[in-house]
Each structure stands twice: as C-alpha cells, then as structure tokens.
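Within every chain, numbering begins at 1; the chains are lettered A, B, ... in the order of the sequence lines, protein sequences first and strands thereafter. Worth knowing before you read on, the calculation uses all heavy atoms, side chains too, and leaves out hydrogens, waters and symmetry mates.
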Amino acid sequence: MRFYVTTPIYYVNAEPHLGHAYTTIAADILARFHRQKGDDVFFLTGTDEHGNKIAQAAADRGVTPRQHVDELAAKFKDLTRRLNVTNDFFIRTTDPEHERYVQAFVEKLRAAGDIEKRAYGGLYCTACEGFWYERELVDGKCPDHGIEPTWLEEENYYFKLSAYQDRLSALFRAAPGWVRPKSRYNEALSFIEQGLEDISISRSTLKWGIPVPWDQEQVVYVWIDALVNYLSALTYARPGEDLSRYWPATVHLMAKEILKFHAVIWPAMLMSAGYDLPESEFIHGFLLMGGEKMSKTRGNVLDPFAVMDTYGIDALRYYLFREISFGQDGVISLEGFEGRYNSELANELGNLVSRTASMIAKYRDGRIPVGDGPQAGELAALAAAGEAMVAACTAHLDAVEISPALESVWEFVRRLNRLVEEEAPWKLAKDEAQAGRLDAVLHSLAAGLRLVALALYPVVPDTALEILRRLGQPHGDGDVLLAGATWHGLAPAAVEQAPPLFPRIENGA
RNA sequence: GGCGGCGUAGCUCAGCUGGUCAGAGCAGCGGAAUCAUAAUCCGCUUGUCGUAGGUUCGAGUCCUACCGCCGCUACCA
C-alpha cells in the first residue's frame with residue numbers, strides 16, 4: 001500500500017512554534033507507523049513563502065523577502081530535524097519547480113473555463129494593505145490601525161467556486177469519512193450548503209508571489225499557491241524518480257483554522273483541474289497553554305523547546321499525543337508534562353526496562369533465557385495479550401487514533417509490571433526447583449518489552465530503538481516491521497544494563 | 001442572528017446505536033514487596049453525570065427550555 005501524508009506548509013512570517021511542531025510530529029507518527037506496516041510512504045512538509053505578510057515581515061526587519069524566507073525556511077527545516085521527523089521532502093513555495101507547477105495549474109483552471117476576471121471594490125486600509133468589510137470596521141475605521149479605509153477597486157481573477165457546490169456536496173455525502181473528525185466534516189458540509197461564492201485567486205497590489213502566466217500584472221494569491229504544493233512536490237522531490245504514484249494523498253493533516261481551504265476550495269480546484277481528490281483529511285485542534293493566560297513570570301508555561309532540550313524529544317512527543325485526544329483542543333502545562341513523564345515514562349516504562357535488565361543480569365548472567373515452553377496461568381495468557389496489544393495499537397493508528405493507541409500499550413506495560421509482582425522473580429531465584437518458571441518469567445518480560453518497543457516506535461522512535469538495543473535485538477529503523485511483532489520474534493540475546501531511560505524529574509528542579 | 005459542539009469524581013478525561021454506565025488515570029489514604037529510577041503491586045474514598053421539565057418499564061445516553069463556555073458564519077495563512 002502506498003501512503004502519502006502531508007502537513008500544511010508553514011507560513012514563514014514568524015518563527016516556528018509548538019503548533020507547527022505538533023502537526024509535524026503527528027505526520028511523522030503516521031509516516032513511521034506506515035513504514036512499519038511495510039507501506040510505500042511519502043511524507044511531505046515545508047514552508048509557504050509568498051504573500052503580503054511575508055513581504056511586510058521582511059520590510060520590518062530591513063531585509064529582502066528572499067533573505068527573509070531563506071532564513072525562516074532554514075529555521076523550519078531545522079525544527080523538523082530537532083523533532084526527529086522523517087519527512088521525505090521539504091518543499092518551499094519559492095522553489096522554481098513549484099512556481100512553474102503553480103502556473104501550469106492555474107492554466108488548467110483557466111482551460112476548464114473556471115477563471116474569470118472581475119472588478120472587486122472594497123474598503124481598503126493602506127496600513128494593512130488589505131480589504132475590510134463594513135461590518136468589521138469599528139466606528140468606520142480599521143480595527144487594527146484606527147484609520148478610515150478608502151474605497152478601492154481592483155481587478156482580479158476569480159475561480160468559480162460556486163459552480164462546484166453540488167459536486168462538493170455530493171463528495172461529502174458519498175464519503176462521510178473523508179474529513180475527520182466528524183465535527184469538522186459537519187462544519188465543512190454546512191459551510192458548503194450555506195452556499196458558495198466565487199473567490200479571487202490573484203492580486204495586483206502585490207509583487208512577492210508567482211506571476212499569473214497570462215497576465216504579468218497579477219500574482220497568484222497565496223493560498224492557491226500553497227495548496228498546490230501537495231501536487232508539485234511530487235514532480236521534483238526526487239530528481240529522476242517518478243513520484244506520481246503517491247497521488248492522491250492518503251491524508252492531509254492540519255489544524256482546524258485551515259479546514260475550509262482544504263475541505264472546500266482544494267477539492268474544487270482539483271476537480272476543475274482534473275486531478276483525483278485526496279483520500280482523506282484529518283483536522284486536529286489547538287494546543288492551549290495552561291488554560292489561563294500565558295504568564296512567563298508565573299512559570300507555568302510549557303516551553304516546548306526547553307522541554308525538548310532537557311528531557312528529550314521523545315518525552316515531548318509522548319506527552320503531546322498521550323495527553324491530548326488527537327482531533328480535539330487540549331490543555332497542556334508543565335505540571336501535566338511532569339506528571340506524565342514521572343508516572344508513565346519514568347516509573348512505569350523506564351523502570352520496567354531497568355528492573356527487567358537487572359533481573360536478567362542478576363539471575364541469568366545477562367542473557368535472555370529460552371524459557372519458552374508451556375506455561376501456566378498468567379504467563380500463558382501473556383503472549384496473546386502482547387500480540388493483541390500490537391493489533392489494537394495498529395487498528396488505532398490506522399484510524400489516526402493516536403492517544404488510544406498509546407493507552408493500549410500502557411495497559412500492557414502495567415500488566416508487565418504486575419507480572420513482576422505476582423511472580424516475584426527474586427523469590428523464584430532462591431528455589432532451584434523454580435528455575436524453569438524463572439526462565440519463563442524473564443523471557444516473557446523481554447518478549448513483552450520488545451512488543452512494547454515496536455508498538456511505541458512511531459511515537460517515541462529513539463526510545464523504542466534504545467529498548468530494543470538494550471534487549472540485544474536488532475534496533476535500526478528498518479528492524480521494526482510490524483510483521484515481526486510476534487511474541488516469538490524475540491531473539492535470544494544478551495541484555496545490557498544502562499542508566500535510566502527517563503530519569504525522574506525531582507521537585508524543584 | 002443562523003448552524004454546530006461542549007458542560008461526568010479535587011484534577012485530566014472514557015462512556016458507540018437508551019437497560020452491570022456510574023468508570024479510567026492522576027492526586028489522597030491504608031497495606032504488601034524489595035528486582036528496579038524510594039520506582040512497583042494490592043485495597044479504599046469522593047460524583048444531584050450543568051439546571052428544570054418531558055418521552056420510556058427504564059436516560060450521562062433521546063426530546064424541550066434555560067444557564068455557562070466554545071467553534072464556524074468566505075477571500076491572513
């Protein structure tokens with residue numbers, strides 16, 4: 001199966017922040033998971049670099065737009081590296097190949113008869129360089145600048161979005177799962193059925209953009225330029241390789257504020273230009289800091305980059321997707337992070353790895369015992385439970401249910417800790433007659449931990465590979481295929497004792 | 001204004017098509033254990049399931065109204 005996942009391309013008018021990281025990590029989780037399934041994966045992210053705000057941001061800094069976007073794009077690229085994200089390509093809308101593709105794309109819209117030149121009149125604020133609606137004005141003045149806008153007319157090219165209303169409705173009705181979660185599907189559908197108006201796709205007052213091919217006085221408006229990246233990237237991401245097999249995209253990931261562009265305008269554009277439509281879109285919520293106003297002096301703010309540097313990227317990846325139901329808004333906080341980190345990563349998972357390695361070292365000279373024969377009671381049920389955990393996790397990730405996937409892994413982690421208490425290997429070790437049972441228990445812990453590592457790999461890849469390494473198992477990115485995630489896939493090997501995977505966060509630190 | 005969503009233990013939240021649905025985790029209290037990062041395991045406590053009505057043999061679960069919070073209501077991504 002092929003799997004093409006995208007993030008939105010990020011607008012480089014400001015520095016990267018946690019919101020960007022969140023979407024990108026989500027895409028990485030899905031990409032890694034599908035590689036584990038053996039799918040043919042392509043994972044795209046990048047930056048959106050045209051438009052007024054960019055030109056303005058550059059001017060504010062006293063640099064050229066080109067300098068500005070180069071610097072910011074480098075920062076976004078660096079973020080993907082720090083997040084340990086495995087994108088296959090990083091697209092920039094200022095790539096010449098992309099620019100040419102956009103021009104060809106709007107030509108297709110025009111050839112389809114969906115482009116029309118119209119005059120647009122509106123109240124224009126010279127300070128914002130943008131139009132306002134009358135109802136948006138405060139006392140007849142621009143709410144941002146407090147100055148009175150002037151009437152201005154501009155000729156722009158319009159895309160006949162209204163002509164696609166019925167086909168978009170039909171698309172939604174025919175494929176209820178194509179936009180998820182359901183609440184977003186409803187939102188987009190109701191938007192469509194309230195009636196669609198045509199939209200302008202070009203600007204004449206702007207220079208930092210892609211010229212309309214048949215009219216050099218106009219540039220293509222930014223969002224059309226942006227959306228097309230999902231297609232254009234496939235034409236040049238890997239020179240010499242035909243990537244067209246990845247289209248249509250399997251899933252577009254995004255936050256809710258750009259739902260309409262993706263769920264309404266984008267499919268209409270694709271219909272017009274004659275492309276297949278993306279198979280699905282998944283819209284997630286916003287991360288809310290602390291619930292109350294952010295306050296640095298209060299010290300309750302979660303600084304993702306500080307967290308990342310101090311506790312590692314896996315801890316942050318884990319927290320974001322364990323704490324928040326993916327698709328909904330979620331409140332995050334430093335307290336919440338520390339709580340999850342200590343109780344789950346340090347106490348439950350990290351400690352399980354430590355105690356397992358320690359017992360194998362202490363009682364079996366550091367080698368995982370075979371002990372795989374017939375077993376009684378809980379031990380007998382464990383293999384099935386472990387494989388069921390992997391299956392549940394797989395089903396959840398297939399449905400983009402990341403938090404429930406983690407929950408299913410954690411139930412099993414707790415079960416392994418319980419097993420240690422129930423079997424009390426330190427007692428078995430004192431009774432030579434129990435040697436076989438001790439072998440079975442230690443073997444089961446290793447086998448169980450291996451499955452935990454494989455299941456956890458998409459979310460916390462470094463941690464997963466480290467667990468495998470300590471267990472003496474193959475531990476490369478290519479060694480985590482789900483096809484091998486069986487109880488009996490454990491190789492007899494020497495385990496390594498090492499410092500805590502996740503050192504506890506002590507109070508006041 | 002219109003459309004939609006949310007309000008469940010101190011905290012964060014599960015609860016699909018109505019009948020073990022009154023739950024989980026955290027926090028708190030008590031106990032066991034000592035392999036381990038004083039980590040782990042066992043047990044216990046708290047709730048008018050926003051308010052008031054209604055439908056039903058039976059409603060967090062459906063309907064109505066109300067209170068509170070939030071999203072969308074077109075050309076900034």
**Prompt:** Using Watson-Crick pairs (N1 to N3, plus N6-O4 or O6-N4) and G-U wobble pairs, both distances under 3.5 Å, which stems of at least 3 pairs involve RNA chain B?
**Reply:**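 The stems that RNA chain B takes part in, listed by first number, are B:1-7 with B:67-73, B:10-13 with B:23-26, B:28-32 with B:40-44, B:50-54 with B:62-66.
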For atom [atom1] of [X] and atom [atom2] of [N], their distance in whole Å:
X        : N     : atom1 : atom2 : answer
A:Leu334 : B:C26 : CG    : P     : 20 Å
A:His262 : B:C75 : NE2   : P     : 18 Å
A:Trp410 : B:C26 : CH2   : P     : 13 Å
A:Leu253 : B:A77 : CG    : P     : 20 Å
A:Ile192 : B:U73 : CD1   : P     : 13 Å
A:Ile283 : B:G71 : CD1   : C1'   : 14 Å

Only counting residues at least two apart or in another chain, list the ones meeting side-chain contact (heavy atoms from CB on, under 4.5 Å) with [X].
X        : result
A:Ala268 : A:Phe159, A:Leu161, A:Tyr164, A:Leu168
A:Thr80  : A:Thr24, A:Thr45, A:Val85, A:Asn87, A:Phe90
A:Ala435 : A:Arg364, A:Glu432

If the condition is ring pair (Phe, Tyr, Trp, His ring centres under 6.0 Å), which residues does [X] pass it with, not counting sequence neighbours?
X        : answer
A:His20  : A:Tyr10, A:His17, A:Phe76
A:Phe412 : none
A:Tyr318 : A:Trp410

Integer angstrom distance from the [atom1] of [N] to that of [M]:
N     : M     : atom1 : result
B:U12 : B:C67 : C1'   : 24 Å
B:U55 : B:C3  : P     : 26 Å
B:G58 : B:C26 : C1'   : 34 Å
B:U48 : B:G43 : P     : 26 Å
B:A32 : B:C70 : C1'   : 47 Å
B:U61 : B:C49 : P     : 9 Å
B:C13 : B:G4  : P     : 25 Å
B:G28 : B:A39 : P     : 11 Å

Is the [X] ring parallel, tilted or perpendicular to the [Y] ring (thresholds 30°, 60°)?
X        : Y        : answer
A:His50  : A:Trp208 : perpendicular
A:Phe321 : A:Phe326 : tilted
A:Tyr22  : A:His284 : perpendicular

Open item on the list: Please confirm whether the shortest side-chain N or O distance from A:Arg418 to OP1 or OP2 of B:C42 is below 4.0 Å.
Closed with: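 Checking A:Arg418 against B:C42: at least one side-chain N or O falls below 4.0 Å of OP1 or OP2.
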Once base and sugar-phosphate atoms are separated, protein heavy atoms under 4.0 Å mark nucleotides 1-13 of chain B, 5' to 3', with B, S and - as -------------
Reading nucleotides 33-39 of chain B from 5' to 3' and marking B where a protein heavy atom lies under 4.0 Å of the base, S where only the sugar-phosphate is that close, and - otherwise, the string is SSBBB-S
A:Tyr158, nearest nucleotide to its side chain (from B:C75, B:G71, B:U40) |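 Nearest nucleotide to the side chain: B:C75.
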**Message:** Please classify the nucleic acid contact of A:Arg184 as base, sugar-phosphate, or nothing, using heavy-atom distances under 4.0 Å.
**Reply:**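 Sugar-phosphate, no base atom in range.
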TODO: Taking side chain to side chain donor-acceptor pair (under 3.5 Å) as the test, write out the residues that go with A:Arg184, two or more places apart.
DONE: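 With sequence neighbours excluded, A:Arg184 shows a side chain to side chain donor-acceptor pair (under 3.5 Å) to A:Glu187, given in chain and number order.
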| Which sits closer to the 5' end of RNA chain B, A:Ile201 or A:Arg322, going by the nucleotide each is nearest to? |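 Here A:Arg322 is the residue nearer the 5' end.
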Exercise for review: Find which nucleotide of RNA chain B each of A:Tyr10 and A:Leu196 is nearest to by heavy atoms, and output the residue with the more 5' nucleotide.
Suggested key: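 Closest to the 5' end, via its nearest nucleotide, is A:Leu196.
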Practice item. For B:G60, decide between syn and anti, treating a glycosidic angle within 90° of 0 as syn. Key: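 Syn conformation for B:G60.
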Just by distance, do the side chain of A:Gln497 and the backbone of A:Ala361 share a donor-acceptor pair under 3.5 Å?
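Flag not set: sc A:Gln497 to bb A:Ala361 has no pair under 3.5 Å.
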Review point. Can you list every salt bridge (Lys or Arg N to Asp or Glu O under 4.0 Å) pair that touches residues 47-56 of chain A, not counting sequence neighbours?
Key: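 Pairs touching residues 47-56 of chain A that pass the test: A:Glu49-A:Arg92.
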Discussion item. Going by salt bridge (Lys or Arg N to Asp or Glu O under 4.0 Å), name the residues that satisfy it together with A:Asp215, two or more places apart in sequence or in a different chain.
Written reply: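 Only A:Lys117 meet the salt bridge (Lys or Arg N to Asp or Glu O under 4.0 Å) criterion with A:Asp215.
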